[in-house]
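Only one structure is covered here, and it is reproduced in the block below.
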Number of protein chains: 2
Amino acid sequence: MYRIGELAKAFDVKNDTLRFYEKHGLLTPSSRSDSGYRMYSEEDKQILSFILRAKTVGFSLADIHELLSIEVDKANSACADVKVVVDAKLAEVETKMAELNHFQKSLKRLSNACCGGSESAADCTILEALASDVNNIHPEQHHHLNKERF
Amino acid sequence: MYRIGELAKAFDVKNDTLRFYEKHGLLTPSSRSDSGYRMYSEEDKQILSFILRAKTVGFSLADIHELLSIEVDKANSACADVKVVVDAKLAEVETKMAELNHFQKSLKRLSNACCGGSESAADCTILEALASDVNNIHPEQHHHLNKERF
DNA sequence: CTTGACCTTAGACCAACATCCAAGGTTTAT
DNA sequence: ATAAACCTTGGATGTTGGTCTAAGGTCAAG
């Protein structure tokens with residue numbers, strides 16, 4: 001069991017951030033000490049790790065709540081319902097991966113094109129790197145399903 | 001050339017968002033009409049596409065500005081400097097890709113585990129899917145573990 | 001039994017990223 | 001030539017995701 005400060009320190013976030021996540025239903029410490037201190041378990045730690053990782057790849061806290069509630073609602077939701085949510089998130093993940101692949105390719109091309117020496121960077125631009133890409137791919141449709149706030 | 005409303009509509013953003021990006025140096029329309037309307041070129045469209053794509057994978061506007069200014073500064077910056085920035089961003093991209101790979105694997109496992117039929121979702125949780133992964137991020141500190149009282 | 005490092009709460013405050021509004025000028029279609 | 005549908009500006013407002021403050025309780029160590 002970890003106290004709030006221990007867990008926060010381990011993940012380099014503020015205590016307040018953990019309280020914020022709790023207030024918004026993302027991470028509730030599994031127990032409290034006699035004196036009311038929040039006590040976080042290993043599983044709580046795991047959840048925090050998940051939240052922070054999901055954030056770095058562009059998921060909002062609302063998205064993350066949705067992902068986590070796959071667990072919370074398990075008694076209530078039929079497997080088919082879960083599958084719908086999971087598959088939707090999977091599609092989002094795959095879109096993001098495609099974007100990143102694209103970025104990676106462009107950046108690599110840039111990095112190689114750039115000498116790494118002291119010449120002018122005249123030919124070093126992201127847009128030039130992207131230019132070879134035929135770009136009628138619109139960034140994904142913002143499907144607004146009833147996205148409950150978290 | 002596109003007027004603001006045309007470009008905004010094409011990418012499903014608000015006109016205000018384009019003005020906001022302009023105010024913050026991310027996307028300045030390449031010209032103005034006689035009456036002062038913003039006129040966006042194909043290249044501007046390209047830049048907007050870039051901005052929105054970068055946003056979906058978790059880059060902040062500040063990050064994006066940095067990426068775009070690789071171009072803007074090209075006369076001023078030595079190639080080596082550019083390479084440093086590019087390689088740093090490349091590392092970020094690769095970190096994000098690793099996270100997403102991980103998510104993808106977990107979600108796929110979930111999707112497969114979930115029957116897609118009407119059984120209970122009892123075994124469908126992100127955390128279970130992630131459980132096989134040993135959490136390793138910040139291995140550090142642990143002077144004392146404190147006693148458990150429950 | 002006090003000191004200092006922890007923790008609690010409620011609520012104010014903040015930065016990033018938009019989004020809306022008011023008052024007015026421009027274009028296009030009828 | 002006038003309505004509808006654009007566009008301009010500056011400034012106010014909203015959402016998301018925290019971060020800080022104040023007033024006070026807890027706990028191990030000297």
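Letters go in sequence order (proteins before strands), and every chain restarts at 1. Worth knowing before you read on, the calculation uses all heavy atoms, side chains too, and leaves out hydrogens, waters and symmetry mates.
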Exercise for the section: Find the distance A/F20:CZ to C/dA15:C1' and express it as a whole number of Å. Expected result: 13 Å
Problem - D/dG18 phosphate, OP1 or OP2, under 4.0 Å from A/K14 side-chain N/O - result: no
Completion exercise
Closest non-hydrogen atoms of B/D87 and A/S111, given as atom of the first, atom of the second and distance, are OD1-OG, 2.7 Å
Exercise for the section: Write down the atom of B/K89, the atom of B/L67, and the distance for their closest heavy-atom approach. Expected result: CG-CD2, 3.5 Å
Problem - Phosphate OP1/OP2 of D/dT26: any A/R32 side-chain N/O under 4.0 Å - result: no
Practice task
Between D/dT8, D/dG18, C/dT19, spot the one nearest the side chain of B/I4, thanks.
Solution key: D/dT8
Please write out each protein N/O paired with an N/O of nucleotides 27-30 of chain C under 3.5 Å, distance rounded to 0.1 Å.
| unit_1 | atom_1 | unit_2 | atom_2 | d |
| --- | --- | --- | --- | --- |
| C/dT27 | OP1 | B/S35 | OG | 2.5 |

Handout entry: Presence of B/K55 side-chain N/O under 4.0 Å of C/dA18 phosphate oxygens OP1/OP2
Key = yes
Exercise for the section: Starting at atom CE of A/M39, determine the distance to atom P of C/dC7, rounded to an integer number of angstrom. Expected result: 10 Å
Problem - Heavy-atom closest pair, residues B/Y40 and B/E22 - result: OH-OE1, 4.3 Å
Handout entry: CA sep, side-chain torsions, deciding dist, call: B/E99, B/K96, salt bridge (charged side-chain N to carboxylate O under 4.0 Å, His left out)
Key = CA-CA 5 Å; B/E99 298 292 1; B/K96 287 173 189 294; over 6 Å; no
Fill in the blank from the handout: Taking every heavy atom of B/L100 against every heavy atom of A/L100, the minimum-distance pair comes out as CD1-CD1, 3.4 Å
Fill in the blank from the handout: Separation of C/dA12 atom P from A/K23 atom NZ, nearest Å, is 11 Å
Handout entry: Side chains of B/L18 and B/L7 in contact at under 4.5 Å (non-hydrogen atoms)
Key = yes
Problem - Residue-phosphate contact under 4.0 Å: B/Y21 side-chain N/O, C/dA18 OP1/OP2 - result: yes
Problem - Below 4.0 Å: OP1/OP2 of C/dT26 and any side-chain N or O of B/R38 - result: no
Practice task
Rounded to the nearest angstrom, tell me the gap between atom CD in B/E22 and atom P in D/dG10.
Solution key: 11 Å
Handout entry: A/S60 side-chain N/O to D/dT16 phosphate OP1/OP2 under 4.0 Å
Key = no
Practice task
Quick one: label B/R19 by what it contacts on the DNA or RNA (base, sugar-phosphate, nothing), any heavy atom closer than 4.0 Å.
Solution key: base
Practice task
Send over the distance from B/E6 CD to D/dC7 P, rounded to a whole Å.
Solution key: 8 Å
Fill in the blank from the handout: note: B/D16, atom CG; D/dG14, atom P; distance rounded to Å ~ 15 Å
Practice task
Rounded off to whole Å, could you give me the CG-to-P distance for the A/L26 and D/dT16 pair?
Solution key: 13 Å
Fill in the blank from the handout: Between CG of B/N15 and P of D/dT8 the distance, given in whole Å, is 8 Å
Exercise for the section: Answer whether the closest heavy-atom distance between the side chains of A/F59 and A/E66 falls below 4.5 Å. Expected result: no
